[in-house]
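The structure appears below as structure tokens.
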Amino acid sequence: MGSERTRPDPSWRPWREAAEAALYGPGGFYRRPEGPAGHFRTSVHASPLFTGAVVELLRRVDAALGHPAELAFTDMGAGRGELVSGVLDRCPPELAARLRPYAVELADRPPGIDARITWSDEPPQGTEGLLFANEWLDNVPLDVAEADGEGTARRVLVRPDGEELLGDPVSGEDAAWLERWWPLEGAPPGSRAEIGRPRDAAWARAVGGLRAGLAVAVDYAHERAARPPFGTLAGFREGREVRPVPDGSCDITAHVALDACAGPGASVLSQREALRLLGVDGSRPPLTLASSDPAAYVRALGAAGEATELTSPGGLGSFGWLLQPVGPACADVLDAGAGDS
């Protein structure tokens, strides 16, 4: 917990400012050549079944929109383009011919990535299609608040070495956000909240680029009724959780208040539910296949294991999927089955 001090020197900064520099500034963590995949494993890296499910969702969005002449797929927080490249490779030829793929990432365009992919640090505007943000919002920097001994929510300040102290009381729009989405009033001293207002704004900007279609945000998440009492701020380096230190040496992440991000008509469900609706099933293949076609049985067994990892309730399956339709056509696209072809 942070110690209290009234007039910190300039080396102390709010967490949002410190994390912004550590992650995205010159030499920041996300500008390193190895990319996020060098430090942690997302659903995209866990199995090609995840990319296949995104392709299926894209196909349903395409059908709901009436197969437009140009269909956009936007990969928010694209890393090194793993998802958007996989989607482009796995699209049926007719759909691939109409697809306009975008990768949105602050890091430089990786060498050798497909020339058809537009690489940008801002989401495109005026598109029709699917915008997909896999583990993007958790890396949008935010400020941290902590209840002091009097029950006042104060902004947590941090040094580059990770040491913390309590700054001024939270005020203005951030205080209003806390009151609505993560109230600390009456909480025990040391209770924490992560002020998700920058994420709400980032998500609204991304969704605002869609003229019609569906926007999906996938992340570890929590709801207002069950916010973690001491927050979720964490660091990751080389596949291991470490102390969050804003010096560029590690990822800095925090779970997402997806309910606060959600706009009108949005819904939130678990990754387990979403992937099952998209055909990802961890059921074991029938044993009869082992005798009739042993190679096919081994392949099916491997796929079932990967599906189980993606949908595990205690792991990746507990991610939240925020589904934000833009326009009426995609309001129920996840429940619409395979759609037409």
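Formation of a donor-acceptor pair under 3.5 Å by the R237 side chain with backbone atoms of S249 is found in this model. At distances below 3.5 Å, at least one donor-acceptor pair connects side-chain atoms of S191 with backbone N or O atoms of P188. A distance-only check finds a donor-acceptor pair linking the side chain of R60 to the backbone of L334 [under 3.5 Å]. Between the side chain of R199 and the main chain of D138, a donor-acceptor pair closer than 3.5 Å is present. Looking at E56, its side chain never comes within 3.5 Å of a backbone N or O of G279 through a donor-acceptor pair. A donor-acceptor pair is defined here as one N or O able to donate and one able to accept, closer than 3.5 Å; such a pair exists between the side chain of N139 and the backbone of I252. A side-chain donor-acceptor contact under 3.5 Å links R227 to the backbone of W181. The closest donor-acceptor contact from the side chain of D143 to the backbone of R16 lies under 3.5 Å. Remark: the backbone N or O of G320 is not paired with any side-chain donor or acceptor of Q271 at under 3.5 angstrom. Proximity of a side-chain donor or acceptor of W177 to a complementary backbone N or O of P198 within less than 3.5 Å is not detected.
L142 and L106 end up in different hydrophobic clusters when Ile, Leu, Val, Met, Phe, Trp and Tyr side chains are linked at under 4.5 Å. Residues V61 and L277 are members of one and the same hydrophobic cluster, defined by side-chain heavy-atom contacts under 4.5 angstrom among Ile, Leu, Val, Met, Phe, Trp and Tyr. Linking Ile, Leu, Val, Met, Phe, Trp and Tyr residues whenever their side-chain heavy atoms come within less than 4.5 Å places L57 and L269 in a single cluster. Using a 4.5 Å cut-off between side-chain heavy atoms of Ile, Leu, Val, Met, Phe, Trp and Tyr, with links allowed through other members, V170 and V144 fall into different hydrophobic clusters. Neither F29 nor V242 shares a network with the other; the hydrophobic side chains, linked directly or stepwise wherever heavy atoms of I, L, V, M, F, W or Y lie under 4.5 Å apart, form separate groups for each.
With respect to the salt-bridge test (charged N to carboxylate O, under 4.0 angstrom), the residues R155 and D174 qualify. Between E146 and R154 there is no salt bridge, since no side-chain N of the basic residue sits under 4.0 Å from a carboxylate O of the acidic one. Under 4.0 Å is where a charged nitrogen must lie from a carboxylate oxygen, and between E128 and R211 at least one such pair does.
Shortest non-hydrogen contact noted between R272 and R276 is NH2-NH2, 2.8 Å. Smallest separation of non-hydrogen atoms from I195 and A145: CD1-CB, 4.2 Å. Residues D161 and E163 share a closest heavy-atom pair of OD1-N, 3.0 Å. Here the closest non-hydrogen pair linking L184 and A153 is CD1-CB, 3.9 Å. Closest heavy-atom contact between Y102 and V84: O-CG2, 3.9 Å. Nearest heavy-atom pair, Q324 versus G265, reported as atom, atom and distance to 0.1 Å: NE2-C, 4.5 Å.
The shortest distance between side-chain heavy atoms of F73 and V54 falls below 4.5 Å. Taking the side chain as every heavy atom from C-beta outward, I117 and S85 approach each other to under 4.5 Å. In this structure the side chain of E122 reaches within 4.5 angstrom of the side chain of S120, judged on heavy atoms. Proximity of P48 to R90: side-chain heavy atoms (C-beta onward) are separated by under 4.5 Å at one or more points. Residues P101 and D75 fail the side-chain proximity criterion, which asks for heavy atoms closer than 4.5 Å. Contact annotation: the side chain of W321 never approaches that of S270 to less than 4.5 Å [non-hydrogen atoms, C-beta and beyond]. A 4.5 Å side-chain heavy-atom check between L166 and L157 finds every atom pair outside the cut-off. Taking the side chain as every heavy atom from C-beta outward, P183 and L178 never approach each other to under 4.5 Å.
Atom OH of Y24 sits about 12.5 Å away from atom CG of D121, to the nearest 0.5 Å. Between E135 atom CD and T253 atom OG1 the span is 7.5 Å, to the nearest 0.5 Å. A distance of 9.5 Å separates CZ of R243 from SG of C250, quoted to the nearest 0.5 Å. For the atom pair CZ (R100) and CG (L88), the distance works out to 12.0 Å, reported to the nearest 0.5 Å. With values rounded to the nearest 0.5 angstrom, H222 atom NE2 is found 5.5 Å from E194 atom CD. Atom CG of L23 and atom OH of Y30 lie 6.5 Å apart (nearest 0.5 Å).
Other residues sharing a hydrophobic cluster with L322 under the 4.5 Å side-chain heavy-atom criterion for ILVMFWY residues are M76, V104, L131, W136, L137, V140, W203, V207, L210, V256, L258, V268, V326.
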- Message: As a quick check of understanding, evaluate side-chain hydrogen bond (donor to acceptor under 3.5 Å, both in side chains) for E164 and W15, giving each step before the final call.
- Response: CA-CA 9 Å; E164 296 179 333; W15 261 108; 2.8 Å; yes

- Kindly determine whether E185 and T152 satisfy side chain to side chain contact (heavy atoms under 4.5 Å, CB included), including the steps that lead there. CA-CA 7 Å; E185 184 177 354; T152 299; over 6 Å; no

- Task: Could you walk me through whether L58 and V87 pass side chain to side chain contact (heavy atoms under 4.5 Å, CB included), step by step?
- Result: CA-CA 9 Å; L58 178 65; V87 166; 3.9 Å; yes

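No more than 12 heavy atoms of other residues, nucleotides or ligands sit less than 6.0 Å from atom CD of E223. Enclosure of atom CD in E150 is not indicated, since only 12 or fewer non-hydrogen atoms of other residues, nucleotides or ligands lie within 6.0 angstrom.
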